[in-house]
*Asks:* 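Just passing along the structure, written as structure tokens.
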Protein chains: 2
Amino acid sequence: MLTREELIEYSDEARKNYLEHISIDCVVFGFHEGQMKVLLLKNIGEEKWYLPGGFVLKPEPIEMAANRILNERTGLDKIFLQQFHVFGAPDRSKVHNDMYADMLPPEQNWFSNRFLSIGYYALVDFSEVTPKADRFSELCGWRDLDDMPTMELDHELIFKTALDTLRLQLNYQPIGYNLMPKEFTMPELQKLYETILDKKLDRRNFQRRILAFGILNRAEQPRKGGAHKAPYLYSFDLEGYRHALTEGFKGGW
Amino acid sequence: MLTREELIEYSDEARKNYLEHISIDCVVFGFHEGQMKVLLLKNIGEEKWYLPGGFVLKPEPIEMAANRILNERTGLDKIFLQQFHVFGAPDRSKVHNDMYADMLPPEQNWFSNRFLSIGYYALVDFSEVTPKADRFSELCGWRDLDDMPTMELDHELIFKTALDTLRLQLNYQPIGYNLMPKEFTMPELQKLYETILDKKLDRRNFQRRILAFGILNRAEQPRKGGAHKAPYLYSFDLEGYRHALTEGFKGGW
DNA sequence: TACAATTGTGTATAAAGTACACAATTGTAA
DNA sequence: TTACAATTGTGTACTTTATACACAATTGTA
């Protein structure tokens, strides 16, 4: 929550620098210890959760805006980003419209604007992220996919749409290069797929299918030290991966 | 091209009614006599082609805006629309920015704005469309998919992205209900698929596969009068079709 | 040293996709 | 009237992909 003076300053700055009526919201997926995670922000002093988001600078490509916004939250530089939908209901920013409504007249108040939000989802390497809160939030951090809090505005819809899109893309694109560490075992990769899809897959059939895609390289040496039989280590074959990204897996027709 | 007076009037009206920085562009697909068609506009007195487009009214849901814009061009009421991408390069509206640049100062000139364009594609019944030009264009009409002219702005990119999206959706969604007349023959439907995909399909395998989707009903009587053997008539089974639309065809995983 | 947990690999069966052939219908030209 | 070309309806063999399931090997622990 801003004071009146802060609101004036923020509004003036925003109007000067950002495109009006346009915002960006990001669903950042990470994967850690067999759990799919999403990056969320929590308001100062309130149980109000949000997706990380921001605005587009007047001369800035929207893709770059999404990158900049996420760079501020994660410290990451080159982020795998996928635009997936625009959310354009007229009342979607109503909560924010009302929040500061009596502090400042609408023509001066940035938060009185109607915003269309461009949704991006990001796949990031969990271990390389250092979550940083923004000026409105006391907390920026990971939440488990199966333990998401209630979110403000239409952020639950945005999140759900992102997840649906990700699940769909699993059918014709490789996933994992941006989510897994350099080297990983087959069961670890399978866990990623199972978490995204929220269902169990057959271990043997998964291995055959994934290998048939031709996007993995097997290391010579298996991982040692752990309990149980030492599993082989795999890494993504960048050439095959990129090819699969552009060409897609299966023709369908 | 507008006169200075018209530009002033247009700009003032636009600023009053529309959300700034946001536009909508539509790729309207129709199918007629075995040819896929796209609805295009041509500027008055110039060989400049555009996709039909428009702006979003201040209190209007974007989906409704797209519907309104297309209703004005086609006369159609309930249009199958699919949002597919936002085009947000800063220089994408440069041609328009420059066009009226010396007529009016930027802060008053609507066309000096940067616009992000939300891309929608539409599938419509060719025979029910009555193309109507807008105030900037002398001509609104169909062009064959394989005979598209060079287009202005980034409209070629928008068109190409729409077509790619449509081809992708063919793999997990039924297509045709919005494009075909009530009754049609199997070869006619096959032609639609072949046109979209730009490749030949095997007649017998196509029939089996399409029928297996469970979205077609066969009429009792075949079509008569034509040359050659009388083909059966089919219509879409609305229940099955809707089910396939929401559920998708094949799981993949 | 037996055991539980986990990994690697193979095989039988079902389903889906692909390639291809032949018979039936209809208007047209001889 | 009849042969013919064009087109439609249907079926079958073969290949590829997907699914279900079993057993042997490895590793730390009790």
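Letters go in sequence order (proteins before strands), and every chain restarts at 1. All values derive from a computational prediction rather than experimental measurement.
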*Asks:* Using distance only, find each side-chain donor-acceptor pair of residues 116-125 of chain A under 3.5 Å and give its atom names and separation, not counting sequence neighbours.
*Replies:*
from: Ser117(A); atom 1: OG; to: Ser23(A); atom 2: OG; distance (Å): 3.2
from: Ser117(A); atom 1: OG; to: Asp25(A); atom 2: N; distance (Å): 3.4
from: Ser117(A); atom 1: OG; to: Asp25(A); atom 2: OD2; distance (Å): 2.6
from: Tyr121(A); atom 1: OH; to: Gln169(A); atom 2: OE1; distance (Å): 2.8
from: Asp125(A); atom 1: OD1; to: Ser127(A); atom 2: N; distance (Å): 3.2
from: Asp125(A); atom 1: OD1; to: Ser127(A); atom 2: OG; distance (Å): 2.9

*Asks:* I need the full list of side-chain hydrogen bond (donor to acceptor under 3.5 Å, both in side chains) pairs touching residues 70-79 of chain A, with sequence neighbours left out, sorted by first then second residue.
*Replies:* none
*Asks:* Roughly how many Å is it from CG in Leu201(B) to P in dA19(C), rounded to a whole number?
*Replies:*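 Rounding to the nearest Å, CG of Leu201(B) and P of dA19(C) are 11 Å apart.
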*Asks:* Just jot down the ring-ring contact (aromatic ring centres under 6.0 Å, His included) partners of Tyr241(A), sequence neighbours excluded, or say none.
*Replies:* Tyr177(A), Phe236(A)
*Asks:* Which residues pass the ring-ring contact (aromatic ring centres under 6.0 Å, His included) test with His243(A), not counting sequence neighbours?
*Replies:*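 Counting only residues at least two positions away or on another chain, His243(A) forms no ring-ring contact (aromatic ring centres under 6.0 Å, His included).
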*Asks:* Among residues two or more places apart or on two chains, list those pairs meeting side-chain hydrogen bond (donor to acceptor under 3.5 Å, both in side chains) that have a residue in residues 139-151 of chain A.
*Replies:*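 Checked against side-chain hydrogen bond (donor to acceptor under 3.5 Å, both in side chains) - neighbours excluded - the pairs reaching residues 139-151 of chain A are Gln35(A)-Asp146(A), Lys37(A)-Asp144(A).
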*Asks:* Give every donor-acceptor pair under 3.5 Å between a side-chain atom in residues 195-202 of chain A and any protein atom, sequence neighbours left out.
*Replies:*
from: Thr195(A); atom 1: OG1; to: Lys191(A); atom 2: O; distance (Å): 2.5
from: Lys199(A); atom 1: NZ; to: Trp253(B); atom 2: O; distance (Å): 2.6
from: Asp202(A); atom 1: OD1; to: Arg204(A); atom 2: N; distance (Å): 2.9
from: Asp202(A); atom 1: OD1; to: Asn205(A); atom 2: N; distance (Å): 3.0
from: Asp202(A); atom 1: OD2; to: Arg204(A); atom 2: NH2; distance (Å): 3.2

*Asks:* What is the distance from CG of Asp202(B) to C1' of dA16(C), rounded to the nearest Å?
*Replies:*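 After rounding, the gap between these two atoms is 15 Å.
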*Asks:* With Phe87(A), which residues qualify under ring-ring contact (aromatic ring centres under 6.0 Å, His included), at least two apart?
*Replies:* His85(A)
*Asks:* Roughly how many Å is it from CG in Asn205(A) to P in dT11(C), rounded to a whole number?
*Replies:*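 Atom CG in Asn205(A) sits about 15 Å away from atom P in dT11(C).
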*Asks:* Considering residues at least two apart in sequence or located in another chain, which fulfil the salt bridge (charged side-chain N to carboxylate O under 4.0 Å, His left out) criterion with Glu128(A)?
*Replies:*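 Partners of Glu128(A) by the salt bridge (charged side-chain N to carboxylate O under 4.0 Å, His left out) criterion come out as none, since no residue qualifies.
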*Asks:* Between the two ends of the helix from dT1(C)-dA30(D) to dA30(C)-dT1(D), what is the bend in degrees, rounded to 10 degrees, where each end axis spans five pairs?
*Replies:*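 End-to-end axis angle for the helix from dT1(C)-dA30(D) to dA30(C)-dT1(D): 10°, rounded to 10°.
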*Asks:* Kindly give the atom pairs (protein nitrogen or oxygen, nucleotide nitrogen or oxygen) under 3.5 Å for nucleotides 12-14 of chain C.
*Replies:*
none

*Asks:* Filter on side-chain hydrogen bond (donor to acceptor under 3.5 Å, both in side chains), then keep only pairs touching residues 210-220 of chain B, sequence neighbours left out; what's left?
*Replies:*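 For residues 210-220 of chain B: Asn217(B)-Asp237(B).
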*Asks:* In the structure I gave you, are the side-chain heavy atoms of Tyr234(A) and Met186(A) within less than 4.5 Å of one another anywhere?
*Replies:*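 Result yes, sub-4.5 Å side-chain heavy-atom pair found.
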*Asks:* Using whole Å, report how far CZ of Arg209(A) lies from P of dT9(C).
*Replies:* 20 Å
*Asks:* Taking only N/O atoms, report every protein-nucleotides 4-8 of chain C pair under 3.5 Å with atom names and distance.
*Replies:*
from: dA5(C); atom 1: N3; to: His228(A); atom 2: ND1; distance (Å): 3.2
from: dG8(C); atom 1: OP1; to: Tyr232(A); atom 2: N; distance (Å): 2.7
from: dG8(C); atom 1: O4'; to: Lys229(A); atom 2: NZ; distance (Å): 3.3
from: dG8(C); atom 1: N7; to: Arg203(A); atom 2: NH1; distance (Å): 2.9
from: dG8(C); atom 1: O6; to: Arg203(A); atom 2: NH2; distance (Å): 2.8

